[in-house]
Amino acid sequence: MDFSSALRVSSSGLTAQRTRMNTISSNIANINTTRTDEGGPYRRKDVVFEAIPDGKTFGDVLTALPERNLNRVQVTDIIPDRKAPILKYEPNHPDADEKGYVAYPNINLMAEMTNMIQATRAYEANISAMQSSKDMAMSALEIGR
Amino acid sequence: MNRLFDKTTEGLAASINFRLMRNNITAANIANAETPNYKAKKVDFEKALSRALDIEGLSQASTSHADHQAVGADGVSGVRVDVYDNPEGNLSNDKNTVDLEKEMAKLAENTILYKAALQLINKKLGALKYAATNGGR
C-alpha cells in the first residue's frame, strides 16, 4: 500500500467518470438520430461500473488484507438501452415507415442532464481525493528537513 | 531510555502508515461511489495502536512476576490494521453503501492528522538534530 496505489485508484475513478460523461454526451448529441450503423434509431447507451481489486499480483490480492480491500473502478461494458423507440407521425421523413411513423431514440433529456451533473460531481470528488493523496505525499517528503 | 527513537516516534511512524492506508481505502471508496453492489470499506487502527503503545499501562502492570503473561500487544510493529465493509452506510437502489460526503470528510480529516503526525516526527527529529549538533553551536 503506497501513494501510487491511491493515485492509481483515483485516476481509475476519473477515467470511469469521463467515459460515463462521454456516453452521456453521445446520448444527448444523438437525441434525434434516426439512422445508425446497426439500423434503426440511435439507442441510449449506459456504462457498467465494476470494482476491481487493485493488487499488483494474484498473490497480493490473495494474501494482503488491505490490498484485497482496495478496489479500482472500471467500465466493463457499455450497454444499449432496450427501451422501445418513440414513434412520431412524420410522413415526409425519409425514415418513416409505411404508416408514416418515424422511430426516434427514447432519450429523456432531463435524466441525461441529471446523470451528467452526477458524473461531474463524482469526477470532482476523485480529483479532491487525488489532491489530498498528493498533498500527503508532498508533506511526507519534508520528513527530517 | 535506551533507544534513539522512543515509543512516541514509533507510534507516529506507525500512525502515518495507517493513515496512508486509510487515505488509499477512502480514495477507493470515492472512486467506487457509483459502482453497483460496492460496499464501502473502513480502516480501523486507533484502538489497536493505543493498545500497542500501552497508554493505559496494562502490560507493565501485568508482568510484575516472571510467570505473568503480558496483556499488551507485542509492540507497535505487531499492530494489525482492520479493513472491513463499513456497516454504517445506507443502502441505495444499486446496493452501493458509499456515502460520498462522509468519505470526503474522512479524507480531509485524515490528511490533516497525517500532516500533524508528520510535524510531530519532524519536531522529534529536530530535537535529535539539536542534541547532535551540540545545541546548535
Side-chain angles (χ1 to χ4, degrees), chain A residues 1-17 19-21 46-54 64-76 115 118-119 121-145, chain B residues 9 12-13 16-43 45 80-86 94 96 98 100-101 103-126 128-129:
Chain A
M1 186 141 310
D2 46 13
F3 281 112
S4 60
S5 56
L7 295 177
R8 201 162 52 234
V9 166
S10 289
S11 66
S12 81
L14 293 178
T15 312
Q17 296 301 338
T19 311
R20 183 181 178 202
M21 191 64 113
D46 230 339
V47 290
V48 180
F49 287 167
E50 194 184 336
I52 312 251
D54 180 72
L65 183 72
E67 252 76 15
R68 205 172 54 212
N69 281 297
L70 196 65
N71 290 290
R72 277 181 289 129
V73 61
Q74 200 174 54
V75 176
T76 36
N115 281 339
Q118 210 176 4
R121 293 287 171 267
Y123 190 89
E124 283 165 1
N126 277 298
I127 290 273
S128 304
M130 207 171 207
Q131 200 72 45
S132 75
S133 303
K134 228 170 64 183
D135 234 31
M136 279 167 66
M138 290 312 288
S139 50
L141 284 177
E142 301 287 316
I143 295 178
R145 283 269 172 92
Chain B
T9 317
L12 286 170
I16 64 165
N17 271 331
F18 298 148
R19 293 218 175 270
L20 171 60
M21 195 174 286
R22 178 173 288 162
N23 176 70
N24 290 2
I25 294 286
T26 314
N29 285 343
I30 291 169
N32 283 293
E34 311 266 324
T35 310
N37 296 318
Y38 179 82
K39 300 282 173 277
K41 305 282 186 288
K42 196 176 175 184
V43 180
F45 65 84
R80 290 282 163 270
V81 196
D82 212 6
V83 186
Y84 54 93
D85 288 359
N86 191 354
D94 57 358
N96 184 310
V98 179
L100 196 59
E101 287 75 24
E103 298 296 334
M104 296 307 286
K106 212 194 290 176
L107 198 70
E109 182 202 7
N110 191 53
T111 310
I112 292 167
L113 290 173
Y114 182 90
K115 287 187 167 180
L118 281 183
Q119 278 190 17
L120 287 171
I121 288 179
N122 276 336
K123 286 277 180 233
K124 283 269 176 195
L125 290 175
L128 278 178
K129 203 187 238 170

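To find a chain, count down the sequence lines: A is the first, B the second, and so on, and within it residues start at 1.
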Taking C-beta and beyond as the side chain, do [X] and [Y] meet within less than 4.5 Å on heavy atoms?
X: V9(A); Y: N24(B); result: no
X: D135(A); Y: K115(B); result: yes
X: F3(A); Y: L20(B); result: yes

Picking from L128(B), N110(B), L107(B), N32(B), which has the most non-hydrogen pairs under 4.5 angstrom with chain A?
N32(B)
Gap separating the [atom1] atom of [X] from the [atom2] atom of [Y], nearest 0.5 angstrom:
X: E50(A); Y: N37(B); atom1: CD; atom2: CG; value: 10.0 Å
X: N23(B); Y: S10(A); atom1: CG; atom2: OG; value: 7.5 Å
X: M136(A); Y: L118(B); atom1: CE; atom2: CG; value: 8.0 Å
X: I25(B); Y: L70(A); atom1: CD1; atom2: CG; value: 5.0 Å
X: N71(A); Y: T35(B); atom1: CG; atom2: OG1; value: 8.5 Å
X: R20(A); Y: E34(B); atom1: CZ; atom2: CD; value: 4.5 Å

In terms of heavy-atom proximity below 4.5 Å to chain B, should Q17(A) be classed as side chain, backbone, both, or neither?
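Contact with chain B involves the side chain of Q17(A) alone.
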Would you name the heavy atoms of [X] and [Y] that are closest together and state the gap between them?
X: F49(A); Y: P36(B); answer: O-CD, 3.7 Å
X: M104(B); Y: S128(A); answer: CE-CB, 3.3 Å
X: S139(A); Y: Y114(B); answer: OG-CE2, 4.2 Å

Output the option from A129(A), S11(A), A16(A) having the highest count of non-hydrogen pairs under 4.5 Å with chain B.
A129(A)
Most contacts with chain B, counted as non-hydrogen pairs under 4.5 angstrom, among S12(A), S132(A), A119(A), G13(A)
S132(A)
Per-residue contact mode, I30(B) against chain A (heavy atom under 4.5 angstrom):
both
